[in-house]
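Atoms within each ligand, like the ligands themselves, are counted from 1 in listed order.
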Amino acid sequence: MSQKLFRNLRLVNSEFTGSEAKRAFIVEAGLITWMGSQNQIPKKLKPKKEFDLKNNLVFPSFIECHTHTVFAGSRAQEFEMRNQGVSYLEIAERGGGILSTVQATRATSAKSLTALTQKRVNNFLAQGVSTLEIKSGYGLDLKNEIKVLQVIKNLKGPRIISTFLGAHAKPAEFKTHEDYLQYLVTTVLPVVKKKKLSDRVDIFIENKFFEKSASQKYLEAAKKLGFAVTIHANQLSFSEGADLALELSAHSADHVIHLNENHIKAFAKSKTVAVLLPAADLYMRCAYPSARKLIDAGATVALATDFNPGSCPTQDLALVGLLARLEMKMSLPEVFKAYTSGAAQALGVSDAEGQLLVGKSANFISTAAELNDFFYSAGSTPKHQLFIRGNEIKSTIIARD
Ligand SMILES: [Zn+2]
């Protein structure tokens with residue numbers, strides 16, 4: 001197996017509080033197999049290729065752990081309506097909201113959806129994202145959910161983790177939320193499993209949407225089929241989604257704006273990650289989640305965009321980090337950890353990703369900029385090179401259109 005040597009790099013420490021110069025590592029089959037001082041590379045190692053990183057800073061590349069990247073249509077007009085005082089409910093009654101994206105996505109072929117989505121994936125890649133989570137949830141029937149999951153499977157660039165979010169909203173064809181969840185369990189989940197299209201299930205738990213008891217049955221059935229669980233929880237109210245995530249040892253509970261002191265303590269004791277989505281909170285004019293309380297109590301937090309056509313039409317990681325710093329009082333090292341090791345834990349991929357250690361994937365960013373230059377200027381990422389499993393992602397791939 002051919003070895004690659006990366007040397008002359010300033011390796012950022014695991015807390016993102018400093019770096020050590022003149023470090024080196026060896027990559028074999030995409031994994032880091034040796035790491036240390038560049039003056040002490042063991043003689044038995046015979047790398048075929050050498051990369052001089054010119055005293056650049058090196059740290060784990062970003063993991064974007066919550067997006068709804070596959071969709072057709074636009075909700076831009078709806079944003080203006082909301083801003084002019086039309087309520088979410090009225091917009092839904094006029095044919096807007098999630099169900100309008102469902103209609104547009106159902107009407108679009110897999111080929112067109114793939115082309116639309118690949119451009120968005122490239123936008124994430126260009127910001128240093130090496131692992132990207134994408135949810136289904138704008139198909140809402142067997143044919144269209146499978147179509148969307150197959151689109152996700154065919155995307156190129158970063159490692160893609162796909163999540164089945166059939167339980168995003170109740171489609172018009174079903175009378176009750178319970179009937180629809182039953183349909184997902186009996187008709188859709190077994191096909192997702194059989195075709196190996198996803199091994200994670202997500203649900204939007206909120207009053208008057210999917211409520212706790214029906215959601216619990218659904219998620220328990222999904223777990224029995226072998227799916228890991230994640231939940232859109234406590235975004236608009238104390239919906240009990242966070243309670244359920246903690247009870248079921250979900251990978252993550254996402255949004256978590258409405259939390260009490262007991263929730264905070266329970267997150268601190270559990271492995272369930274609190275995924276914070278401040279750009280969505282900005283667009284929705286919601287309160288921001290209590291990042292400080294969660295982190296100070298010892299909970300693991302992650303940050304993500306929640307990119308979607310309705311409540312968060314931005315893919316800007318810099319804006320997310322900036323809001324976390326400005327509005328949630330997270331320190332810069334905490335933002336980096338949330339976007340690397342925290343996000344890896346939220347996706348259940350900590351064994352391979354989120355940190356640069358022997359045995360883990362060589363997914364990293366190399367840059368002449370300093371850490372302070374990141375999560376500072378909304379809309380811009382400092383110049384950098386992205387490596388995924390030790391391979392440089394060339395700008396030609398990123399820019400392809
Ligand atoms: Zn979401």
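One finds no salt bridge joining K4 and E28 here, because no Lys/Arg side-chain nitrogen approaches an Asp/Glu carboxylate oxygen to under 4.0 Å. Ion pairing between a basic and an acidic side chain is recognised when a charged N comes within 4.0 Å of a carboxylate O; D179 and K170 show no such pairing.
Protein N/O/S atoms closer than 2.8 Å to the Zn ion (ligand 1), listed by chain and residue number, are H66 NE2, H68 NE2, H232 NE2, D306 OD1.
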After noting the C-alpha distance and the side-chain angles of K383 and T367, does the key distance pass the side chain to side chain contact (heavy atoms under 4.5 Å, CB included) rule?
CA-CA 7 Å; K383 203 161 177 268; T367 180; 5.6 Å; no

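Across all non-hydrogen atoms, the minimal contact from L31 to R389 is CD2-NH1, 4.1 Å.
A side-chain hydrogen bond (donor to acceptor under 3.5 Å, both in side chains) with T163 holds for exactly one of H251, K135, E133, H66; it is E133.
For T272 (side chain) and A250 (main-chain N/O), a donor-acceptor pair under 3.5 Å exists by modelled atom type.
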